Amino acid sequence: MAELYEIKDDEGIVLEVLGPDDEPAGDGGGVTAGETPSDTEPDTQPDTGVVEEPAEPTDAPDVVPQAAPSIASRASWGARYPNGDLTLSGPAVEVFVHHSVTAQLSPDASIAAEAEQMRALESVGQSRFGTGISYNVVIFPSGRAYQGVSWNRRGTHTGGRNSTSRSICFAGNYEVNQPTAAQISTAAAIFGAGKGRWWTRSAPLAGHRDVSQTACPGRYLYARIDDIRTGSGSTPPSPGEPGRVAVDGFWGTATTRRLQQELGTTVDGVVSSQSVAWRDSNPGLTTGWQWVADAQGSRVIAALQRRIGMDSGQRDGKIGPRTIRALQGYLGTPVDGVISRESRAVMALQRRLNDGRV
C-alpha cells in the first residue's frame with residue numbers, strides 16, 4: 001500500500017493529506033462489492049459519465065437535477081495518466097471538499113493556465129500513487145470546473161473513503177486565501193446536481209479535515225461549506241468544449257462568449273452599449289453587438305483593452321478605430337482601424353481563443 005502524502009506549510013502545519021484506500025481484500029485478489037478492477041473491466045464510460053443508481057425510496061428528493069453542470073472533460077485539459085484505478089458502481093454516500101495547495105491563480109487567469117495547473121495536479125497524483133489525478137472535479141477562482149478522475153472511477157483524495165465518496169477540490173491554498181464567489185457558486189451547482197446522480201440524495205458534504213488529521217480544505221474554504229451545501233449556484237460555460245469558435249473572421253455571439261469566458265466577465269454573448277457611429281464601417285462585427293446613440297461601453301471590451309495594453313485612460317469599454325488599431329497591433333495583423341468581413345484580426349483572435357488565451 002502506498003504511503004500517505006502530506007503537504008505542509010512553512011511552519012509544519014499539515015494542509016493536505018492524500019492517500020489511497022487499502023487494496024481490496026479477498027481470495028485471489030478479488031474485489032469488494034461495488035468495485036471492478038480496471039484490468040478486467042475497462043472504463044467505458046465517458047469522462048463525465050453518469051453511474052446508474054438504484055431507487056432510494058427512503059430519501060426525500062430534495063434536489064432533482066435537471067441538467068449537468070458545466071464541467072470540462074479530461075481531454076480538454078490534456079489528461080495524460082490513468083483515470084483512477086477502479087471502476088465503481090452505484091452512487092457515493094459522502095462528498096468531501098478539498099484544496100489542492102498548488103498555484104493560486106487569479107480569477108481572470110486564462111483557460112490555458114488552468115489546464116497547465118490541472119496537468120501539474122495530475123502529476124502529483126501520478127508520482128505518488130500511479131493512478132493519475134486524485135480529485136473528481138477541480139474548481140478554479142474563475143469558477144470554471146474541470147473533470148479530474150471520472151465520477152465512476154476511484155481516485156486518491158480521502159484515505160479510507162475513496163471507494164465510497166467523491167471529491168470537490170478548489171485549486172489553490174485556502175488556508176491563506178479566500179475562495180471566490182464564482183468558486184462557491186460552481187461548487188454549489190455541482191453538489192446540487194450530483195444528488196441522486198453521482199451521490200445519494202442524502203449524501204453529506206464535509207471538509208477533508210472532518211475525517212482526517214489535516215487543515216484541508218483550509219480555514220477560509222471550510223467556513224464556506226454551509227454555503228456550498230445550501231446554495232443553488234451556477235457554473236460558467238465549460239472551458240474549451242464545445243466552446244471552440246469557427247475561425248471565420250466574423251465577430252459574433254460565439255466569439256464574444258468565448259472572449260468573456262477567457263477574460264472573466266459576465267458570459268452572455270453580448271457586447272453592450274457600443275456607439276452606432278462605428279457599426280456600418282465595421283461589417284465584421286455581427287451578432288450580439290448592441291449599437292446605441294449614447295454608448296456607455298462594455299465590460300468585455302474594457303477587459304480586452306486592458307489585456308492588449310491600452311493606457312488606463314483609454315479603457316472606456318467602447319470599440320472604435322483606436323481600440324481596433326491597438327487590437328490589430330497586439331495580434332500582429334495589418335493595422336487599419338477597421339473590422340472588415342473575414343477580418344484577419346478577428347481570425348487571429350479566434351485562433352487565440354481556441355488555444356485558451358488572448
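The model shown is predicted, which means the values in this text are computed figures rather than measured ones.
Asp336 and Gln328 share a side-chain donor-acceptor pair at under 3.5 Å. In summary, the side chains of Tyr146 and Glu114 do present a donor paired with an acceptor at a separation below 3.5 Å, with no hydrogens or angles considered. Side-chain atoms of Trp251 and Thr256 include a donor-acceptor pair closer than 3.5 Å. For the residue pair Gln350 and Thr255, a side-chain donor N or O sits within less than 3.5 Å of a side-chain acceptor on the partner. At a cut-off of 3.5 Å, with distance as the only test, no side-chain donor of Gln126 or Thr131 sits close to an acceptor on the other residue. A side-chain donor-acceptor contact under 3.5 Å links Gln183 and Tyr174. Side-chain contact of Gln305 with Asp316: a donor-acceptor pair under 3.5 Å is present, judged by distance alone. For Thr158 and Arg166, the side-chain atoms include no donor-acceptor pair closer than 3.5 Å. Residues Thr87 and Arg153 bring a donor and an acceptor atom of their side chains to less than 3.5 Å of each other.
In this structure, the side chain of Ser127 engages the main chain of Ser123 through a donor-acceptor pair within 3.5 Å. With Gln104 contributing its side chain and Asn177 its backbone, the two residues share no donor-acceptor pair below 3.5 Å. A distance-only check finds no donor-acceptor pair linking the side chain of Arg258 to the backbone of Thr253 [under 3.5 Å].
For the side chain to side chain donor-acceptor pair (under 3.5 Å) test with Arg154, the passing option among Asn162, Asn83, Asp85, Asn136 is Asp85; the others fail.
For an aromatic pair to be called close, the ring centres must be under 6.0 Å apart, and Trp151 with Trp199 satisfies this. Between Phe170 and His98, the ring center distance fails the sub-6.0 Å criterion.
The neighbour count for Arg306 CZ, taken as heavy atoms of other residues, nucleotides or ligands under 6.0 Å away, does not exceed 12.
With salt bridges taken as basic N to acidic carboxylate O contacts below 4.0 Å, none links Arg299 and Asp268. We find that Glu262 and Arg357 are not joined by a salt bridge, their nearest charged nitrogen and carboxylate oxygen being 4.0 Å or further apart.
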Side-chain donor-acceptor distances from residues 338-345 under 3.5 Å, at least two apart:
residue : atom : partner : partner atom : Å
Ser343  : OG   : Ala345  : N            : 3.2
Ser343  : OG   : Val346  : N            : 3.2

